[in-house]
Amino acid sequence: MLALFSLKIYNCVVNKEKIKKMFITIFKGCAGCLLTAIGFIIFCFVAVAVLDKMGVLPESDYCIEDGDCEEGREMTLPEGGSFIVNEENCLKYEWIWYEKHKMCKIDWMQYMSDRKKGKKYAGEN
């Protein structure tokens with residue numbers, strides 16, 4: 001009976017050691033993957049920052065993307081013709097003028113919708 005009891009204790013100790021080794025092996029593997037992933041993310045941030053400083057990355061055009069256009073920019077209307085972004089033209093087309101920043105918030109979707117409905121703006125024939 002004592003021999004059987006000591007065998008069970010031995011198996012428990014051996015199993016605990018095996019489990020401990022298994023967890024250490026898994027942790028080492030995960031830690032390596034985690035460090036590699038963190039290193040890759042840091043590399044990507046650094047690479048983008050360097051490319052941006054070099055001027056290789058394209059600049060975002062907020063006027064085309066969001067409709068936030070600075071005063072003095074020449075814009076082409078979808079149906080032809082052009083206009084200079086300024087307070088007078090911005091208000092003529094019923095857009096929002098930001099006096100503090102000298103910018104016009106151009107809403108092209110509303111403009112196109114109004115044109116399809118046949119709307120005329122101030123100063124147009």
Those residues that, when tested against [X], pass side chain to side chain donor-acceptor pair (under 3.5 Å) (two or more places apart):
X	result
Asp107	none
Glu94	Lys119
Thr76	none
Glu88	none

Item to complete: Establish whether Met109 and Met75 are linked, either directly or via other cluster members, by ILVMFWY side-chain heavy-atom contacts under 4.5 Å.
Response: no

Worksheet entry | Cluster check Leu51, Phe40: I/L/V/M/F/W/Y, side chain < 4.5 angstrom | no

Worksheet entry | side-chain contact (heavy atoms from CB on, under 4.5 Å) partners for Val50, two or more places apart | Val46, Met54

Worksheet entry | All side-chain contact (heavy atoms from CB on, under 4.5 Å) counterparts of Ile84, not counting sequence neighbours | Glu74

Worksheet, complete the sentence: d(Ile96 CD1, Ile106 CD1) to nearest 0.5 Å is 11.5 Å

Worksheet item: How many angstroms lie between atom SG of Cys69 and atom OH of Tyr98, to the nearest 0.5 angstrom?
Response: 11.5 Å

Item to complete: Could you note down all residue pairs passing disulfide bond (SG atoms under 2.5 Å apart) where residues 91-121 supplies at least one of them, sequence neighbours left out?
Response: Cys90-Cys104

Worksheet entry | Residues clustered with Phe43, ILVMFWY side-chain links under 4.5 angstrom | none

Worksheet item: Got a sec, which hydrophobics cluster with Ile41, joining ILVMFWY side chains under 4.5 Å apart, including via others?
Response: Phe45

Worksheet entry | Smallest separation among heavy atoms of Asn89 and Asn86, with atom names | N-OD1, 2.8 Å

Practice prompt. List the atom of Met103, the atom of Trp97, and the distance in Å for their closest heavy-atom pair.
Written response: O-CE3, 3.3 Å

Response to the item:
Residues at least two apart in sequence or cross-chain that pass ring pair (Phe, Tyr, Trp, His ring centres under 6.0 Å) with Phe83, listed by chain then number, are Tyr93, Trp95

Fill in: Which residues share a salt bridge (Lys or Arg N to Asp or Glu O under 4.0 Å) with Glu99, sequence neighbours left out
Lys102

Worksheet item: Which residues pass the salt bridge (Lys or Arg N to Asp or Glu O under 4.0 Å) test with Asp52, sequence neighbours left out?
Response: none

